[in-house]
Amino acid sequence: MSDKKPSKTQVKARLPKGMRDVEAQELRALKHMLDTISEVYERYGFEPLDTPAFEYTDALGKFLPDTDRPNEGVFSFQDEDEQWVSMRYDLTAPLARYVAQNFDATPKPFRRYQTGYVYRNEKPGPGRFRQFMQFDADTVGTANPAADAEMCMLAADTLEALGIPRGGYIIKVSNRKLLDGVMDAIGISGVENATRRLTVLRAIDKLDKFGWDEVELLLGSGRKDESGDFTKGAELTPLQVRKIREYLSWESIALFRSSVQTHRQERLERDIEIAENLLGESDLIEAGLRELFDIEVLVRSAGYGHNRICIDSSVVRGLEYYTGPVFEAELTFRATDESGQAVRFGSVGGGGRYDGLVSRFRSQPVPATGFSIGVSRLYAALSHLGKIGAAKAAGPVVVLVMDKARVGDYQCMAKQLRDAGIRAEMYVGDAGMKAQMKYADKRGSPAVIIQGEDERAKGEVTIKDLLEGSRLSGEISDHAEWKEARPAQFSVSEGDLVAAVQKLLAEQAKA
RNA sequence: GCCGCUGUAGCUCAGUUGGUUAGAGCACCAGAUUGUGGAUCUGGGGGUCCCCCGUUCGAGCCGGGGCAGCGGUACCA
């Protein structure tokens, strides 16, 4: 085995694409963030639930693997009995399965929150992974807009609990019934226009990314991007495009605010009439407006202003799945990255009403609404804003092994420190003292405990303050002097070890 | 999927018109200092120059074809 050349059988250590490791500092901060979110959700009365990472493919929905491409979009494999199984791609489909399976025993409305990794077999990009974390809250079993309104308030409260100040975020609300109604009104309803409607939705969804001019191209003949890729448009007529634009530029449904502020039902009726004159007559538009009105009234009564939750007609969200109100949580912060470029964080979560999901498993309708946070994205934004506990967790106090025959004594010192609640360890490697010091340094230890022959003879231990020592090292350039000075260390009698370390840590914490 | 850019040490990169044994900085390990993390000095380990084919006496460099990474775009429950 003395051959130094890597053998052909040696495997290359590498990560599958779109996957990543999460290291100590981030993991601690992430846990803290998840705890904060959980607290808010618990306070709203949601119950925790966990479901497995994979499900039978048919339970997850329409992404059925076919024989040619069984892994398109979702990671799938066949179980021993040849049934297809897929990794979950969100937390909502498993929830629907759970509720359907435990329907009679579950209180309705059923309110649960859940976090975990989900998996998508797609091309990874900047900030996009094939395994990522979501944090969801859903209310299943009621069509009451109060449940939707609550989702918006929950989202706002959560972002604030995470340290995002009021004004640094906005919860946008719209209603898919409005868009569907508008498309109805411009004559692109019906099965034969299904793909065209999808194209229109996709185009509108890109409004905040590209602006209206580009969206107009996507609604019409199509758009060519800088890299030369051409995206086919929806081929709408100029008249149809103009109607869409009227809908989108509909000043946050300003007229609506007046109805809501006065809580006057008769004004709502009048406003609905105005809207239908503008956009076209449609039952869907009327129903959508009524739902938004209810949400507005509830949210405002609870004291959430337009700076926190507001109606925005450009919100689209998922293409096929939402059936009513849709929400999007957006960070409005401006910040700059390392190279001084402006970064926009954009959407960190979203959700809406999906009345069709559970009913796939049962004959009766089961309306539901929910909100989902993109944990990784939100984490990235928070850490950019300095809202993540930047302080690295202090490393352990390291008890050096000066004499291998006495590991029992050293282990005992470490245990005494632990029993006093101090993070501590005995060095468990095989290297000499110098390497042990380096190890402690790299671990970020606040102090090391030294007991060699000299201390032992006097019944003492030496405590070396690594933080102070590091500071002093800047003032000493000569190594002989540095070695001679042995800065920032002192000895105490064995019995005082714990008390002395506690005192030192307290002083360090103050500095 | 489409378009563009980039592939040389763990990381960041240099490498002349194609010419001997492919370099630097950082990082890592060791010694100077057998009981002290820093600094300094000395030494050391570490390479499929992304892969294959071609041109050539000779390719890290030139040509062709792949692959991978990054960026944009498309798709996105």
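Letters A, B, ... are given to chains in the order of the sequence lines, protein chains preceding strands, and every chain is numbered from 1.
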Would you jot down, in residue-number order, the residues of residues 461-469 of chain A having a non-hydrogen atom under 4.0 Å from RNA chain B? A:Lys464, A:Leu466, A:Gly469
Give me, pair by pair, the N or O atoms of the protein and of nucleotides 30-33 of chain B that are less than 3.5 Å apart, along with how far apart they are.
residue	atom	partner	partner atom	Å
B:rU33	O2	A:His479	NE2	3.4
B:rU33	N3	A:His479	NE2	3.0

Please determine, for B:rU6, whether a Watson-Crick or G-U wobble partner exists with both distances under 3.5 Å, and give it or none. B:rA68
Pairing partner of B:rA32, by Watson-Crick or G-U wobble and under 3.5 Å for both distances, is B:rU40
Side chain of A:Lys123, heavy atoms from C-beta onward: which of B:rC75, B:rG35, B:rG71 has the nearest atom to it? B:rG71
Determine: side-chain N/O of A:Lys224 to OP1/OP2 of B:rC2, distance under 4.0 Å, yes or no. no
Candidates B:rA74, B:rG35, B:rG38 - which lies nearest the side chain of A:Trp482: B:rG38
Expressed in whole Å, how much space separates the C1' atoms belonging to B:rU6 and B:rG44? 33 Å
Using both distances under 3.5 Å as the test, list the Watson-Crick or G-U wobble partner of B:rG23, or none. B:rC13
Sticking with atom P, work out how far B:rA30 lies from B:rA39, rounded to a whole angstrom. 15 Å
Heavy atoms from C-beta onward define the side chain here; which of B:rG69, B:rU36, B:rG38 lies closest to that of A:Met437? B:rU36
Contacts under 3.5 Å, N or O only, protein and nucleotides 9-11 of chain B:
none

Complementary nucleotide of B:rC75, counting Watson-Crick and G-U pairs under 3.5 Å: none
Quick one: which of B:rG35, B:rA74, B:rG37 gets closest to the side chain of A:Met402? B:rG35
Would A:Tyr439 pass as stacked on B:rG37, i.e. its ring centre under 5.5 Å from the base's six-membered ring centre and planes under 30° apart? no
Apply the test ring-ring contact (aromatic ring centres under 6.0 Å, His included) to residues A:Tyr119 and A:Phe54: give CA-CA distance (whole Å), side-chain angles for both, the deciding distance (0.1 Å), then the verdict. CA-CA 9 Å; A:Tyr119 303 85; A:Phe54 56 82; 9.6 Å; no
Residue matched to B:rU48 through Watson-Crick or wobble contacts both under 3.5 angstrom: none
Can you tell me, in whole Å, how much space there is between the P of B:rG72 and that of B:rA59? 39 Å
Taking pairing as Watson-Crick or G-U wobble with both contacts under 3.5 Å, can you name the mate of B:rG18, or confirm there isn't one? none
Could you let me know what B:rU56 is paired to, Watson-Crick or G-U wobble, both distances under 3.5 Å, or none if it's on its own? none
Side chain of A:Arg202, base of B:rC75: donor and acceptor closer than 3.5 Å? no
A:Glu455 and A:Val461, any side-chain heavy atoms less than 4.5 Å apart: no
Which value, in whole Å, describes the distance between the P atoms of nucleotides B:rG7 and B:rC62? 11 Å
Can you tell me, in whole Å, how much space there is between the C1' of B:rA68 and that of B:rG31? 41 Å
Toward the 5' end of RNA chain B, by each residue's nearest nucleotide, A:Leu218 or A:Arg120: A:Leu218
May I ask you to verify whether the side chain of A:Gln489 and the base of B:rU36 hold a donor-acceptor pair under 3.5 Å? yes
Taking the C1' atom of each, how far is B:rG18 from B:rC49, in whole Å? 15 Å
Span that lies between the P atom of B:rG60 and that of B:rA9, in whole angstrom: 15 Å
Can you check the distance between B:rC61 and B:rG19, where both ends of the measurement are the P atom (answer in whole Å)? 11 Å
What does B:rC61 pair with, Watson-Crick or G-U, if both distances are under 3.5 Å? none
Spacing of A:Ile476 atom CD1 relative to B:rG37 atom P, expressed in whole Å: 11 Å
Keeping A:Asp496 on the side-chain end and A:Ala499 on the backbone end, is there a donor-acceptor pair under 3.5 Å? no
